[in-house]
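Worksheet for the structure shown next.
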Amino acid sequence: MIAQIIVDVPSSQTDRVFDYLIPAEWEGVIEPGMRVVVPFGPRKIQGFVIGLSDTTNVEKPKPIFDLLDATPVLTTELLALGSWLSEQTLCFKVSAYQLMIPAALRTKVKKELKLADELHQLAPALQPLFQERDVMAWTEVIGQNKALAKELKRAIKAGHIEVHYQVEEKGRKKTERYLQLAANYEKLEPLPKRALKQAELLAFMERQTGPLSMARVMAEGQTTRQTVKALLDKGYLQESEQEVYRDPLAHVEYERTEPLPLTEKQAAVIRPILSSLDEERHETFLLHGVTGSGKTEIYLQAIDHALKQGKEAIVLVPEISLTPQMVQRFKGRFGSKVALLHSALSVGEKYDEWRKIQRREVQVVVGARSAMFAPFTNVGIIIIDEEHETSYKQEENPRYHARDVAIFRGHYYNCPVILGSATPSLESYARAQKQVYHLLPLTERVHSRAMPVVEIVDMREELRRGNRSMFSVRLLEALKDRLAKNEQCVLLLNRRGYSTFVMCRDCGYVATCEHCDISLTYHRSQHALKCHYCGHEERMPQTCASCGSEHIRFFGSGTQKVEEELAKVLPEARVIRMDIDTTRRKGSHERLLSAFGRGEADILLGTQMVAKGLDFPRITLVGVLAADAMLHIPDFRSAERTFQLLEQVSGRAGRHELEGEVVIQSYTPEHYSIEHVKAHDYEHFFQVEMGHRRQGLYPPYVFIVLINVSHPEITKVIDVTEKIVAFLKRELADETIVLGPVASPLARIKDRYRYQCMIKYRNEPELRQTLREIQQHFMRDINQGHLQVSIDMHPYLFA
DNA sequence: AGCACGCCGACT
DNA sequence: GTCGGCGTGCTC
């Protein structure tokens, strides 16, 4: 029997099937989707079995060396998905498969040296190495001593030392010690009279019905490790290891919730979803529901419907740790049927959640992007909440979008896919208009609550009137008003594209990174300058590096600065600040939010992270300090992102009985992305933005491919990019536009120069093949040189 | 990716 | 003469 294997060597030359012989004892045991260890050239490496066959063209296939899994880690469906994904995103097959398994299962190949002869046979220089042991890690010897390495090589050749390859898994299952009485404990010699503690423990154990974890024995039996050990040693107790799940939410209690009665509008929207479920028909729905319209309840009831059919559900939410309230709603409704997968979990915790899914111990997974690969086998419904969020696109290889994966799986299982958003991406909304997706509009808030009133303040006018502070008169008034009424406020400081850089006031010099062409960011806590791309760090300079002037200052406004200003103008206000600095520690996000929820602060001040998912009844004011910060980023989606952010954050106000108000400060209040927030008019914004896209030839009117080339030498980069552009112009259709080469917006990162070119096309059936040829053509340079060519079939980031 | 094989310069 | 530099090609 032959196993078809994708080896764990991410390179274009090994990106194909290799045939291996299945040893007789593993016939019928090895299945597609399992990981194995195989000999590959002189070494041993990991591989994924993707198929079985009776025949092979290989003359003398080598046998599989070892088996890593008892059950497949990849289902038949996931194997197909991986293959499709590698074609779509032009990544290696093995990279696609690695993506689908938890990090704890990734393996490392360890190279070991083993003494295979008598110690004295070895060259004298080598003997000290093997004095105490006969196996050692290759890394211990290599690289530190050239002469020694030479001797080693000779000894290996002579057969005195053998090289072994060990494939090792990174994560371990967590086990706990369990204790129980030994079967024959009554026949043992009685305990000595003075062993009072031991006698107590024995009595305690006699009262138990089954094995008890060590932790519980100590706590409930009021005893210590020494006492336990004494009884173990004497044979009264037996210990066993039991696997336990690391439960990230062990200490959290969830209140059980029941389905809420749906409003008429909600009922109208859920109907087509349920019939798609009942008819086992794949369909992609775009649920366009304004903030506060009750989208989540629709998700919950649709999932419930799928579960009742004995099926499973996958739910994606943007960076789940950011929305504890969302988690609460899922856990509250489905309890232990839910697994959570998000980036705040440790490697081990993620592995445990993944295994719950794999063993069918849960039926619902709620998670971030990668949760879309949950190894379910009977998916009934797939939901992507806040579908416009850019975090659903992975910005490293494999550059995939979770939405595309969702639709693949939806097709496979003939089940509905729901994309939900108050501000859908233009691509999705355009598809809904073309009836590719089924549009489900939900235009009213539940209980017909009013959308918050939006006021836009022109900050130029404010300046003309002599107000140089960062708060407009209107916003300050509103804040004071809420403080007086004991209501709560959210203040958003849009920091994206607006970092704190250091500039000389005399000559205009800006401190930049010496490895990257990008300005350094000032970090107050360490009084240092940092590069956000390579991590380079330097002290804040006293004088300008260019002209020597002492008038060097940092510009830009951080949340800390706003907090200080706030303390000056509203000293009585209690402020919670939420940004990268205050939420870095695990769980701090939840802590800050629940403190705010308990009313321990009046103002929640933060960056983008306060815009999403918050639902507190006492929030009646939302202030946006600089609405246009993001507008000037050179990205065709900047208007779309601005509108989305403003609309999202507006939605935090007045979600319950109290009415909400939004004050948006802007230097370009007439811009359509800001103006249309006023009437919460997505439809109009969409029309205007589509006009711009058509004019500039941007998605959804065309598809875009971004090719980024980087190399330490700028001449090489330009040369390669020019060749790529010339090739593409020759190969692709006349209507297709190839732009470039141009320097990337981040022209240098980590001492590598970066150039890019862009393809805009409508119809190119052979495109992926053409791009593969580029990868092949520069393979040599990529393999040995320092050339990198990255291809993004659907870019969201143009740096 | 590694690793071996193979062909040229500068050393004991 | 050999050691070791790295370009080239292969791994079932």
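Quick note on labels: first sequence line is chain A, next is B, and so on, each numbered from 1.
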Using atom [atom1] of [X] as one end and atom [atom2] of [N] as the other, report the distance to the nearest whole Å.
{"X": "A:I782", "N": "C:dT8", "atom1": "CD1", "atom2": "P", "answer": "15 Å"}
{"X": "A:E59", "N": "C:dC12", "atom1": "CD", "atom2": "P", "answer": "13 Å"}
{"X": "A:D8", "N": "C:dC12", "atom1": "CG", "atom2": "P", "answer": "15 Å"}
{"X": "A:I22", "N": "C:dC12", "atom1": "CD1", "atom2": "P", "answer": "16 Å"}
{"X": "A:L21", "N": "C:dC12", "atom1": "CG", "atom2": "P", "answer": "13 Å"}
{"X": "A:I50", "N": "C:dC12", "atom1": "CD1", "atom2": "P", "answer": "17 Å"}
{"X": "A:I64", "N": "C:dC12", "atom1": "CD1", "atom2": "C1'", "answer": "11 Å"}
{"X": "A:D15", "N": "C:dC10", "atom1": "CG", "atom2": "P", "answer": "17 Å"}

Requested in this report: Tell me what A:Q13 touches on the nucleic acid: a base, only sugar-phosphate, or nothing, going by heavy atoms under 4.0 Å.
Outcome: base
With a 4.0 Å cut-off on heavy atoms, is A:Y165 in touch with a base, just the backbone sugar-phosphate, or nothing at all?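 The answer is sugar-phosphate, as A:Y165 gets under 4.0 Å only of primed atoms, P, OP1 or OP2.
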Quick one: does [X]'s side chain have a donor or acceptor within less than 3.5 Å of a partner on [Y]'s backbone?
{"X": "A:Q358", "Y": "A:P72", "result": "yes"}
{"X": "A:R106", "Y": "A:I101", "result": "yes"}
{"X": "A:T89", "Y": "A:L85", "result": "yes"}

Contact boundaries of DNA chain B with chain A (under 4.0 Å, heavy atoms), 5' to 3'?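 Extent of the interface on DNA chain B: B:dA1 to B:dC3.
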Here the residues of residues 714-721 of chain A within 4.0 Å heavy-atom distance, strictly under, of DNA chain C are none
Numerically ordered, the residues 34-49 of chain A set in heavy-atom contact under 4.0 Å with DNA chain C is A:P39, A:F40, A:G41
Check: Are the ring centres of A:F376 and A:Y413 closer than 6.0 Å?
Finding: no
Determine, using ring centers only, whether A:F18 and A:F40 are less than 6.0 Å apart.
->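 Yes.
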So salt bridge (Lys or Arg N to Asp or Glu O under 4.0 Å) across residues 3-29 of chain A, not counting sequence neighbours, yields none
Q) Under the salt bridge (Lys or Arg N to Asp or Glu O under 4.0 Å) rule, what pairs show up with a residue in residues 39-57 of chain A, not counting sequence neighbours? A)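 Passing the test, one end in residues 39-57 of chain A: no pairs.
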Next on the checklist: Does the structure place the NZ or CZ of A:R762 under 6.0 Å from the centre of the six-membered ring of A:F703, at an angle of no more than 45° from the ring's axis?
Outcome noted: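 Not satisfied by the 6.0 Å and 45° rule.
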* Test ring pair (Phe, Tyr, Trp, His ring centres under 6.0 Å) on A:H401 and A:Y796 and set out the steps. => CA-CA 10 Å; A:H401 199 296; A:Y796 275 76; 5.6 Å; yes
- Query: Mind checking what makes ring-ring contact (aromatic ring centres under 6.0 Å, His included) contact with A:F373, not counting sequence neighbours?
  - Reply: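 Expected list: A:Y400.
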Check your understanding: Would A:H164 and A:Q166 count as having a side-chain donor-acceptor pair, cut-off 3.5 Å?
Key -> no
